[in-house]
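Okay, so here's the structure we're looking at.
Residue numbers count from 1 along this sequence. Values reported hereafter were calculated over all heavy atoms of this structure, with side chains retained and with hydrogens, waters and symmetry mates removed. All ligand and atom numbering here is 1-based and tracks the order in the structure. In this text, all values refer to a predicted model and were calculated from it rather than measured experimentally.
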Amino acid sequence: MSPGSSVAMPSDVIFPLEGKRVWVAGHRGMVGSAIVRRLASEGCEILTAGRDVLDLERQSAVEAWIAANKPDAIFMAAAKVGGILANDTYPADFLYNNLVIETNIVDAAWRSGVGKVLFLGSSCIYPKFAPQPITEDSLLTGPLEPTNEWYAIAKIAGIKLAQAYRKQHGCDFISAMPTNLYGIGDNFDLNSSHVMPALIRKAHEAKLAGADSITIWGTGTPRREFLNADDCADACVFLMKTYSDFEHVNVGSGEDITIRGLAQMVCEIVGFTGEIVTDTSKPDGTLRKLMSAEKLKMMGWSPRKTLPAGIAETYKYFTERYLSY
Ligand code: GFB
């Protein structure tokens, strides 16, 4: 396709999953469980290994498990994740745990000759002041956002691992960079969660308590781009089947919203009519990180779920389990 063309070209399937053994590392997490749900229609054999069976932080255990179970493909959805406060509070965990999980899986996958690996990163890999919408080639062009630079460094290392094993060993390892994700299986703990599940919980509890207001962190002015975890899983499966190249691929919705705007939308869906007040002792983080969704769109993929529909579904999931939180 000529540069600048806006016509999407449906990509050919170069790595069909039918009949393959596919390991979803991190299958109990929000993204991993969404990938497992999505793979159900691919005719593949889905492999999983819970923490009780496999400690991803132990290199020899990962090597032995991969050698014994012989996956043809791996989705690397296992990671230490959390919201802005958790990232800022536990830099060592976010750097070390993510680095060690990535290096263990990538190296063991190469040693066992795994046919394809998809590494999942995050939009926080990009510089704090990257031009918006952020294209893939903005990587490593400027300083990172301080609240999550530790996690970002680990995720950048993951991209580089996939590239290095492709370059040196000819491995078909690729990387996808999703934007802020939310959905079924999210973490609703107010100290460690991302903003979406936190707002859903705060609005719900305020409604039940008949409260006058909910408090959101920071100024409410930062903008964030949100993608439902099921759409992200669909994009991951799409990339696994159709993409084989050095550069990572952004996975986003192409649209962002202010945190206050999101809070208003969540309150409306939850049915909380009180005020939204700000706690500016909490960090804003980066002011904007809208990714360009062009590359993936040109390959023929776009998200399906609208933000209000995704929030309503996530709220339903939350209320069905609320008493167990
Ligand atoms: O989702 P979030 O925690 O992470 O916060 P980041 C997004 C924005 O929402 C920030 C604001 O400006 C927060 O201050 N916010 C408002 C809240 N109220 C709340 C609340 O009750 N809880 C939370 N958590 N935020 C993370 C990174 O950044 O995004 C990770 O730290 C990762 O590394 C992830 O990249 C996708 O979008 O700021």
Any idea which of Glu149, Met177, His194 brings a heavy atom closest to atom 34 (C) of ligand 1?
->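 Looking at heavy atoms only, His194 sits closest to atom 34 (C) of ligand 1.
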
For Asp284 against Gly218, the heavy-atom pair lying closest together =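 Taking Asp284 first and Gly218 second, the nearest heavy atoms are OD1-CA, 3.2 Å.
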
Is any N or O atom of [X], backbone or side chain, closer than 3.5 Å to an N or O atom of ligand 1?
{"X": "Thr179", "result": "no"}
{"X": "Thr215", "result": "no"}
{"X": "Ile84", "result": "yes"}

Could you list which atoms of ligand 1 come closer than 4.0 Å to a heavy atom of [X]?
{"X": "Pro283", "result": "13 (C), 14 (O)"}
{"X": "Cys124", "result": "33 (O), 35 (O)"}
{"X": "Lys202", "result": "20 (C), 21 (O)"}
{"X": "Ala198", "result": "20 (C), 21 (O), 22 (N)"}
{"X": "Gly83", "result": "3 (O), 31 (O)"}
{"X": "Asn87", "result": "27 (C), 30 (C), 31 (O), 33 (O)"}

Are the aromatic ring centres of His194 and Tyr182 under 6.0 angstrom apart?
->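 So the answer is no for these two rings.
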
Would [X] count as a contact of ligand 1 if the rule is a heavy atom under 4.0 Å away?
{"X": "Arg224", "value": "yes"}
{"X": "Met196", "value": "no"}
{"X": "Lys155", "value": "no"}

Nearest to [atom], what protein heavy atom do you find, and at what distance?
{"atom": "atom 18 (N) of ligand 1", "result": "Trp217 N, 2.8 Å"}
{"atom": "atom 36 (C) of ligand 1", "result": "Asn180 OD1, 3.5 Å"}
{"atom": "atom 10 (C) of ligand 1", "result": "Asp284 O, 3.4 Å"}

Hphob cluster co-occupancy, Leu239 + Ile46, side-chain heavy atoms under 4.5 angstrom =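 In one cluster with Leu239: Ile46, yes.
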
Residues that Arg28 engages under side chain to side chain donor-acceptor pair (under 3.5 Å), provided they are two or more places apart |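 For Arg28, no residue satisfies side chain to side chain donor-acceptor pair (under 3.5 Å) once neighbours in sequence are set aside.
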
With a cut-off of 6.0 Å (strictly less than), are more than 12 heavy atoms of other residues, nucleotides or ligands near CD of Glu255?
->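 No, the 6.0 Å shell around CD holds no more than 12 heavy atoms from other groups.
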
[X] contact mode with ligand 1 (heavy-atom cut-off under 4.0 Å):
{"X": "Ser193", "result": "backbone"}
{"X": "Asn148", "result": "side chain"}
{"X": "Val195", "result": "both"}

